[in-house]
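Worksheet: one structure, shown below.
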Amino acid sequence: MTAPPIEDGAVLVDTNGRIAAVGPHRNIGTPPGAETFEFPDAMLVPGLINCHTHLELTHLAGQNAEPEFARWIRRVRELKEATRPDAFYAAAVAGVKDGWARGVTCVAETGSTGAVVRALHHLGGRGIVYQEVFGPDPATLDESMRDLENAVGQLRRLATAQLRVGVSPHAPYTVSAPLYEAVAGFARRERLPVAVHLAESREEAEFVRDATGPFADAWRARGITALPHRCTPVEYLRRLGLLNAGTLCIHCVQTDQRDVAMLAAAGAAIAHCPRSNRAHGHGAAPLGAFRTAGLRVGLGTDSVVSVGDLDLWAEADAASLDWNDALRMLTIEGARALGWEKEIGSLEVGKAADVAVLTAQPPNRPTALLTVLAGRVVHALDSAP
Ligand SMILES: [Zn+2]
């Protein structure tokens, strides 16, 4: 990803799970006792990175056919309320393992149950998990912050060098302005990474600008005041102090040129989820404009409730990326979007040995023959040599 491809290449991994050497096979020795894997007709690439998922919802694939977005969101909440805690954990484990079977070694998860932190911790996976917080009613601000701080405090005990915990104030239509500001302050004090669902639907843009539409109706039905902010969702979050260097902005479909410039000036990163945006009828995010503006952009599947599976190659197709561009976005660019490029995203000496061995030559969809995470084999296809 950061140097030309190597024919008959090899990667040597040390006992600490780091890359000790990369180069032509003939130049890389095999130290005594080293375990070797050989794949004569395959590509050895950095482990893939899914920049936006909700793996705690993996059990809900195909269970929400609601076409209208505000109702779809409400239905997800009902489905979550009907899920037992152990089912979230099982869903998280299934989601992490599904990724490994596809060569995905790192996920950026947003969730509210903590299940994915526990699953990644116990399985030895890699990821950033942004703990979600909700609270449209300013009257519940203290309660929301207390719950968030407790949850983050507990989940952080499970954090490791390959498992980070952050925060995610969910979206403009589920979070009050004071709650956004409180979360921004908490993230600053505790140096927590932040992810936000932002500028996703037209209904959200209408809600922020005019305080009308289905989200505003839902707030008023609950007795919560919705104010017109007369601006775009991106501008709204900037005013509230949420648009900072490293803030992961998920979707960003409803964005104009000013928004893109604002995101770039803030140093924010984007999780681009083209299939989810299409499935919900939100439209397409301006990927070309993001990249021209120098924004860091990774690809994300979003949840299986939206898109049915966790196939990042399908996202690359939906984004109309050619093979090489897709591979870069799924590796080094994804790592940059998550601020993790010093550790993962390319096969370079000293980086973590997160490696995928993929079949198939372009334009065919690849299959993962072997997936290695920090030097440990986490997936091996039965038919692999
Ligand atoms: Zn999402």
Side-chain angles (χ1 to χ4, degrees), residues 49-64 66 69-80 83 88 91-92 95-96 98-99 104 106-117 127-134 166-175 180 183 193-205 207 215 233-234 237 242 247-255 268-285 287 297-312 314-315 318-319 334 337-338:
I49 300 168
N50 188 343
C51 282
H52 180 55
T53 65
H54 300 260
L55 298 182
E56 66 184 19
L57 307 181
T58 304
H59 62 302
L60 297 177
Q63 293 198 29
N64 190 349
E66 180 56 62
F69 188 60
R71 286 205 208 115
W72 183 88
I73 293 268
R74 206 172 312 147
R75 181 75 191 123
V76 169
R77 197 168 65 224
E78 289 164 6
L79 289 164
K80 281 180 78 174
T83 301
F88 284 121
V96 171
D98 180 292
V104 178
C106 179
V107 293
E109 160 85 9
T110 65
S112 61
T113 70
V116 176
V117 176
I128 304 180
V129 181
Y130 303 92
Q131 177 67 18
E132 283 179 332
V133 56
F134 303 85
V167 288
S168 178
H170 175 257
Y173 48 85
T174 55
V175 175
Y180 267 129
V183 175
V194 178
V196 289
H197 287 86
L198 182 61
E200 181 178 6
S201 64
R202 293 180 191 88
E203 293 89 338
E204 174 192 330
F207 172 76
F215 290 123
V234 169
L237 274 247
L242 264 292
T247 301
L248 184 67
C249 299
I250 306 155
H251 299 294
C252 295
V253 179
Q254 316 303 325
T255 47
I270 310 263
H272 182 49
C273 307
R275 281 197 305 165
S276 173
N277 297 336
R278 192 178 289 175
H280 291 295
H282 299 323
L287 175 62
V297 190
L299 288 175
T301 55
D302 212 345
S303 79
V304 295
V305 197
S306 291
V307 297
D309 61 46
L310 299 168
D311 184 354
L312 284 167
E315 300 299 336
L338 301 183

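All ligand and atom numbering here is 1-based and tracks the order in the structure. For the single chain, residues carry numbers from 1 onward in sequence order.
- Under the 30°/60° scheme for interplanar angles, the aromatic rings of Tyr173 and Phe215 are found to lie parallel.
- Taking 4.5 Å as the limit, some side-chain heavy atom of His52 sits within range of a side-chain heavy atom of His197.
- Donor-acceptor pairing under 3.5 Å is recorded for the side chains of Thr53 and Glu109.
- A donor-acceptor contact under 3.5 angstrom links the side chains of His280 and Ser306, judged on distance only.
- Distance check: Ser276 OG to Ile250 CD1 gives 10.5 Å after rounding to the nearest 0.5 Å.
- Contacts of Tyr180 classified as ring-ring contact (aromatic ring centres under 6.0 Å, His included), with partners at least two apart in sequence or in another chain: none.
- Near-neighbour remark for the Zn ion (ligand 1): protein N, O or S atoms under 2.8 Å are His52 NE2, His54 NE2, His197 NE2, Asp302 OD1; waters not counted.
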